[in-house]
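Model, not experiment: these values are computed from the prediction.
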Amino acid sequence: MYYWKTHDLASQIKAGDTSEEMKKNYYVATSVIATAFMYLAIAGGTQDGIATLAECILLIVVTVLGINVTFKTNGGNNGVNYISRVVMLSLPLLIKIVIFSFLGGIVIGIVAGASGEGSLALSQWGVTIVSVLAQVLFFWRVNVHLCYINT
C-alpha cells in the first residue's frame, strides 16, 4: 500500500495492477482515517453558528462539484472503476491533508492567540477556511491523478 506516493499508486492503477483485496484494504484505511478526522473536526469545530453554516454549505458545494468533475475526468458513464480509483487515491491524499489541516490549525491558534480580543471569531473562521481549502485540495489532487490514469 502507498501511504504517501500518490503518483506511484496512480501508476499502479493505470497499469491495471490492483487486486480486489488491495482495493478493499485502501477502502478500510481510508474509512478509518476519514472517521477519525471527522471526530477530530467535530471535537474542535466552531461555536459560531454562522461560521458553521457557511462551512457546511461550502463543503457541500465543493463535494458536489468535486465528485462531478472527477467523475467526468474518469470518463463519466464510459469510465472505469471510478469509485475504487477515488477510494484508493484517497488514502495517501487524506494523510497529507490531515497533516496540512493540523499545521493550519497550529497557525490559526498562534494567530488567534496573538490577536487578543477577537481571537475566538478569528479561530472559528480560520477553521472554516482550512476545512474548505482541505476539501478543495483533496478533489483537485484526485482529479490530477485521475487525469494521469486516464491518459
Side-chain angles (χ1 to χ4, degrees), residues 1-10 13 18 22-77 79-150:
M1 286 181 65
Y2 292 97
Y3 298 99
W4 194 260
K5 297 187 181 236
T6 315
H7 183 75
D8 291 347
L9 174 59
I13 294 169
T18 57
M22 181 180 171
K23 293 173 188 176
K24 185 260 311 167
N25 290 340
Y26 273 96
Y27 182 43
V28 168
T30 300
S31 297
V32 168
I33 289 173
T35 301
F37 190 60
M38 181 62 82
Y39 277 100
L40 288 172
I42 290 170
T46 65
Q47 302 294 330
D48 181 337
I50 301 293
T52 302
L53 180 61
E55 182 177 354
C56 180
I57 291 169
L58 288 170
L59 290 177
I60 290 169
V61 168
V62 170
T63 299
V64 170
L65 290 173
I67 289 170
N68 283 304
V69 167
T70 56
F71 182 73
K72 184 176 179 183
T73 298
N74 194 60
N77 284 329
V80 178
N81 298 323
Y82 171 73
I83 299 296
S84 63
R85 287 177 174 183
V86 170
V87 168
M88 291 173 66
L89 291 169
S90 294
L91 178 62
L93 293 174
L94 282 175
I95 290 170
K96 293 172 189 175
I97 288 170
V98 166
I99 292 169
F100 162 76
S101 296
F102 280 132
L103 293 174
I106 290 168
V107 170
I108 290 167
I110 291 169
V111 170
S115 70
E117 259 182 59
S119 65
L120 182 60
L122 177 64
S123 66
Q124 290 176 354
W125 282 100
V127 168
T128 297
I129 291 167
V130 168
S131 294
V132 172
L133 285 176
Q135 190 82 329
V136 168
L137 180 64
F138 170 79
F139 281 111
W140 169 58
R141 294 308 298 163
V142 166
N143 202 54
V144 165
H145 292 294
L146 285 175
C147 283
Y148 168 75
I149 290 168
N150 287 307

For residues 142-150, which side-chain donor-acceptor pairs fall under 3.5 Å, sequence neighbours excluded?
residue, atom, partner, partner atom, Å
N143, OD1, T73, OG1, 2.5
H145, NE2, R141, NH2, 3.4
Y148, OH, S11, OG, 2.9
N150, OD1, R85, NH1, 3.0
N150, ND2, T73, O, 3.3
N150, ND2, N74, OD1, 3.2
N150, ND2, L146, O, 3.0

Nearest heavy-atom pair of L59 and S131: which atoms, and what distance? CD2-O, 3.6 Å
For a quick test of reading the model, state the closest non-hydrogen atom pair linking M88 to L9 and the distance between them. O-CD2, 3.2 Å
[X] side chain near [Y] side chain, heavy-atom distance below 4.5 Å:
X    : Y    : answer
Q135 : F139 : yes
S90  : F138 : yes
Y2   : L91  : no
W125 : I50  : yes
L89  : I13  : yes

With a cut-off of 3.5 Å and sequence neighbours excluded, list every side-chain donor-acceptor pair involving residues 99-106.
residue, atom, partner, partner atom, Å
S101, OG, I97, O, 2.9

Quick one: ring-ring contact (aromatic ring centres under 6.0 Å, His included) partners of Y82, sequence neighbours excluded? F71
Nearest 0.5 angstrom please: M22 CE to S84 OG, how far? 10.5 Å
To the nearest 0.5 Å, tell me how far L133 CG sits from T128 OG1. 11.0 Å
Check for a donor-acceptor pair, side chain of T30 on one end and backbone N or O of V87 on the other, with a separation under 3.5 Å. yes
